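Computed from a predicted model, the values in this text were never measured in an experiment.
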Amino acid sequence: MAGSTDVAAIRSLVAEAETHQNDVEPFIALHTADTAIVNIAGRRVAGKEALTKVMRAALESPLADVITRTEVADIRFVRPDVAIVTSMKRVFDGRDPEVRQDPRAALPAESGWLTYVAVREEDGAWRIASAQTTPIRA
C-alpha cells in the first residue's frame, strides 16, 4: 500500500494544520476544494470558501485565543491515496477569564478525538478532505 514517505507526509500535514491554526491562507491551502469539517462544538462547514469565511470570523473573536495541540495516534490507508488519521486533540483556552466564565462561551471539552480523511491529490500533495472532532467529556 503506502510507504514511509506517505506516513511522513501525512504526519507533516497534521503538524502544519496545527501550526497554521490561526493563519487562514496556509491553513486553507492544506485542504481539498470540497473539504468538510465538523469542529469540536459540532458545527459543520463544507468547502474551502465557507471554511475561509468561518475561520476569519473565529479569528476576529475571542476564539483566536483557543489553541489546540494534536498528536497522531494512528494512520490507516484505505487506498494508497486515501488515509484515515486518528489524533488526540487537546484544547487550551487562553481567552480572558471573564469570557471563559460565561456559560454561553464554554468550550464543549478540553480534548477530543480528531479524525482526518487525508487524500493525495494529483499534484502529489496530501490534503485534508474531511475532519471530525468528537469531544471527550470528563
Between E18 (side chain only) and T70 (backbone N and O only), is there a donor and an acceptor less than 3.5 Å apart? yes
Using modelled atom types only, decide if a donor and an acceptor are shared between the side chain of R95 and the backbone of A105 within a distance under 3.5 Å. yes
Just do the side-chain contact (heavy atoms from CB on, under 4.5 Å) check on V117 and I128 with the steps written out, would you? CA-CA 6 Å; V117 175; I128 299 165; over 6 Å; no
Without swapping roles, check the side chain of T134 against the backbone of G112 for a donor-acceptor pair under 3.5 Å. no
Which heavy-atom pair separates V14 from S87 by the least distance, and what is that distance? CG1-OG, 4.3 Å
Could you check whether any side-chain N or O of T35 sits under 3.5 Å from a backbone N or O of T32, counting only pairs where one atom can act as donor and the other as acceptor? no
R69 side chain to V91 main-chain N or O, any donor-acceptor pair under 3.5 Å? no
Q21 side-chain N/O to T68 backbone N/O, donor-acceptor pair under 3.5 Å: yes
Give me the atom names and distance for the closest heavy-atom approach of V99 to P62. CG1-CB, 4.3 Å
Hey, are the side chains of L107 and D93 touching, using non-hydrogen atoms and a 4.5 Å cut-off? yes
Give a yes or no answer on whether the side chain of T19 reaches the backbone of A15 with a donor-acceptor pair at less than 3.5 Å. yes
Measure from the side-chain N and O atoms of S61 to the backbone N and O of L63, and report whether any donor-acceptor pair falls under 3.5 Å. yes
